[in-house]
Protein chains: 2
Amino acid sequence: MKIDPSSKADLSAQIAKAIRDAIVSGALIVDERLPSEAELSEQFEVSRATVREALKRLAAQSLIRTQRGAFGGAFVNRLSFKEAYGQQITTSTLLLSMNAVSFEIACEARFALESACAPLAATRRTADHLATMRAEIFRQTQPGLSDEGWCASDVAFHRALVDAAGNPVLSYQLAGAVEAMQPLMNMITFTARSREKILSLHAKIADFCDSGDGAGIEETLEALALYTRQLGQQMAQKKTAS
Amino acid sequence: MKIDPSSKADLSAQIAKAIRDAIVSGALIVDERLPSEAELSEQFEVSRATVREALKRLAAQSLIRTQRGAFGGAFVNRLSFKEAYGQQITTSTLLLSMNAVSFEIACEARFALESACAPLAATRRTADHLATMRAEIFRQTQPGLSDEGWCASDVAFHRALVDAAGNPVLSYQLAGAVEAMQPLMNMITFTARSREKILSLHAKIADFCDSGDGAGIEETLEALALYTRQLGQQMAQKKTAS
DNA sequence: AATTTTCATTTGTCAGACGTTTAAATGTCT
DNA sequence: AGACATTTAAACGTCTGACAAATGAAAATT
């Protein structure tokens, strides 16, 4: 593990890159302990503070974890699906809010992705997934449900649909997309939407899941997408009018 | 921006979280300058070293950028699609390599996602996208192409297909998935695969894109998925036999 | 007016110190 | 011998103070 003396980047960034490369390439394996900060500072010929800044960069990406005390140190972290979700959601949320992504584009992407798991969800869904969907649908029938509560339930419902596909890689990819975009859509459409209409579509999706009708799920998602897009257009007109 | 004195996490992690929350919530907007390290260390009542570790964590997530000199400092960074790609690819690659994801599952997820953009690609593809696809197909006909070259060209071809959907959010989501999984698949199947067979399927996909036949693209992707899965099974058997 | 010089500000890096945590090693008692 | 308490060394977490390097603004000079 060496750093390039001719690079003009910060030392801590260079060191972080060297260690990151070692992890990605497999030279450092999961749960392997890195040298102590003091040893690293000797190896790279920098101060301990600089090494620490490099390690914090890696920790921010969940590539390492640190443990204090004797026999502690920095260990290569097994990146879990859960941690990866979290990072994806943060990244996706910021990406959408900072890049003026149009409602139309976000909506299209979100439903295209979700439709991708419809056929799988139809064949693989378990009783658990169906129960989660039904529970969220029931929650959505409660008149006292706040807008935040509705939004959370909406996310949970779609999350259950995605998980029903029984493919963790797919779940990881889609959960990030759905969880980042659904709140955005709720924020835009919550004044105009009809809970009843969405609810009935959710119920249809759950029924199609139950009966294993993948095409039915896709069609219903299509309808949901269409309705959401219409709401988006309404809001855009309202905005222009005001 | 305050930190919780009762938390037992590292101070630098708490401070990073406080600033991250401020960015995500919109309290700090793009290109806004954060207080200097000295000012932050006063505000949070910690040393400058601790503040710096927090800032390095945020820099690792591309949430801020720093500039030296007078009137320099840390600025909220506009997260670009390109940066987000990079992070997604790193995360996805590590996730796959560290979690013993089966070839079958990865393959299923990859083609399910790619199929999602087939209908859009059929209607939106431009001459540019088609040209890229044809160029990669031509490259793949060259007998002297190395395995690495083939893999890179394969990724580029599928990337063009994804981009042809004309939805940057979709591109962002799928580019990460495809670029992380395609090399994995090539690594597993490169000894057994028939370049000719894959090439003919690529050509069919390009033709269907040209003629705007979304269903045709999906069917061909399906065939490609099937063939890839078969290769995966062959390799699994070989492994068992040895 | 244009150019050069100065200068204050801010990040990058370093050295050294001390506190805290942790698990292994050691000691002690039953 | 075994269970429990104590010691101890290793390692991270944090702080202080210092200096170097970059950088843009302001002042000085031509």
Side-chain angles (χ1 to χ4, degrees), chain A residues 1-20 22-23 28 31-77, chain B residues 1-20 22-23 28 31-77:
Chain A
M1 237 169 7
K2 282 282 161 59
I3 57 177
D4 176 14
S6 69
S7 167
K8 72 183 201 347
D10 296 348
L11 285 175
S12 70
Q14 290 182 57
I15 292 168
K17 181 178 187 316
I19 299 177
R20 178 163 40 240
I23 294 175
L28 291 169
D31 290 337
E32 185 171 343
R33 182 180 173 282
L34 272 65
S36 71
E37 293 173 356
E39 286 170 320
L40 285 172
S41 70
E42 275 184 33
Q43 277 184 32
F44 288 111
E45 296 177 313
V46 298
S47 72
R48 205 184 132 213
T50 303
V51 167
R52 281 183 60 79
E53 287 179 9
L55 293 179
K56 293 312 158 204
R57 294 175 117 108
L58 299 174
Q61 297 179 306
S62 302
L63 291 182
I64 61 169
R65 61 177 185 279
T66 54
Q67 205 174 1
R68 293 177 69 169
F71 298 79
F75 298 83
V76 177
N77 196 30
Chain B
M1 242 173 359
K2 281 282 162 57
I3 58 178
D4 176 14
S6 70
S7 167
K8 74 186 210 333
D10 296 347
L11 285 174
S12 70
Q14 290 182 57
I15 292 168
K17 182 180 187 313
I19 300 176
R20 178 163 39 239
I23 294 174
L28 291 169
D31 291 336
E32 185 171 342
R33 183 179 174 281
L34 272 66
S36 71
E37 294 174 356
E39 285 170 320
L40 285 172
S41 69
E42 274 184 35
Q43 278 184 33
F44 288 112
E45 296 178 313
V46 297
S47 72
R48 206 186 130 211
T50 302
V51 167
R52 281 183 60 80
E53 287 179 9
L55 292 179
K56 292 312 156 204
R57 289 177 191 262
L58 299 174
Q61 299 179 305
S62 303
L63 291 182
I64 62 169
R65 62 177 185 280
T66 54
Q67 204 177 2
R68 293 174 72 169
F71 300 79
F75 299 82
V76 177
N77 196 32

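We use all heavy atoms of the structure for the numbers below, so side chains are in, but hydrogens, waters and symmetry mates are not.
The CZ atom of Arg68(B) sits 7.5 Å away from the CG atom of Asp10(A) when rounded to the nearest 0.5 Å. Arg52(B) contributes atom CZ, which lies 11.0 Å from atom OG of Ser47(B) (distance to the nearest 0.5 angstrom).
Here the side chain of Asn77(A) pairs a donor or acceptor atom with the backbone of Ser62(A) at under 3.5 angstrom.
Each of Arg48(B) and Glu53(B) lies near DNA chain D, and the nucleotide nearest Glu53(B) is the one positioned closer to the 5' end. Comparing Ala70(A) and Ala13(A) by the nucleotide of DNA chain C whose heavy atom lies nearest to each, the residue mapping closer to the 5' end is Ala13(A).
Backbone-only engagement by Lys56(B) is indicated by non-hydrogen atom pairs under 4.0 Å involving sugar-phosphate atoms exclusively. Using a 4.0 Å heavy-atom criterion, one finds that Arg65(B) contacts no nucleic acid atom at all.
Rounded to a whole Å, the CG atom of Leu11(B) is 13 Å from the C1' atom of dC12(D). Atom CG in Asp10(A) sits about 9 Å away from atom C1' in dT11(C), given to the nearest Å. Atom CD of Glu37(B) is separated from atom C1' of dG12(C) by 8 Å (rounded to the nearest Å). Summarising the geometry, the separation between CD on Glu42(B) and P on dT10(C) is reported as 11 Å, rounded to the nearest angstrom. Here the P atom of nucleotide dA11(D) and the CD1 atom of Ile64(A) are 15 Å apart, to the nearest Å. Following rounding to the nearest Å, Leu58(B) (CG) and dT11(C) (C1') show an atom-to-atom distance of 16 Å. Nucleotide dT9(C) holds its C1' atom 12 Å from the CZ atom of Phe75(B), rounded to whole Å. Rounded to whole angstrom, the span from the CZ atom of Phe44(B) across to the P atom of dT14(D) amounts to 14 Å.
In this structure, the nucleotide among dC14(C), dT11(C), dC15(D) sitting nearest to the side chain of Ala49(A) is dC14(C). Taking only side-chain atoms of Ser12(B), from C-beta outward, the nucleotide of dT14(D), dC15(D), dC12(D) with the closest atom is dT14(D). Residue Phe71(B) has its side chain nearest to dA25(D) when only dT14(D), dA25(D), dT11(C) are considered. The side chain of Val46(B) sits closest to dC15(D) out of dA11(D), dA23(C), dC15(D).
For the pair Gln14(B) and Ala9(B), the tightest heavy-atom approach, listed with the atom from each and the gap, is NE2-O, 3.0 Å.
Between Arg52(B) and dG12(C) there is a side-chain polar atom (N or O) within less than 4.0 angstrom of OP1 or OP2. The phosphate of dG12(C) has OP1 or OP2 within less than 4.0 Å of a side-chain N or O from Thr66(B). Taking 4.0 angstrom as the limit, Arg68(A) places none of its side-chain polar atoms (N or O) nearer than this to OP1 or OP2 of dA10(D). Residue Thr50(B) places none of its side-chain N or O atoms closer than 4.0 Å to OP1 or OP2 of dG13(D).
Checked options Val51(B), Val76(B), Leu58(B); the residue passing with Ile19(B) is Leu58(B) (criterion: side-chain contact (heavy atoms from CB on, under 4.5 Å)).
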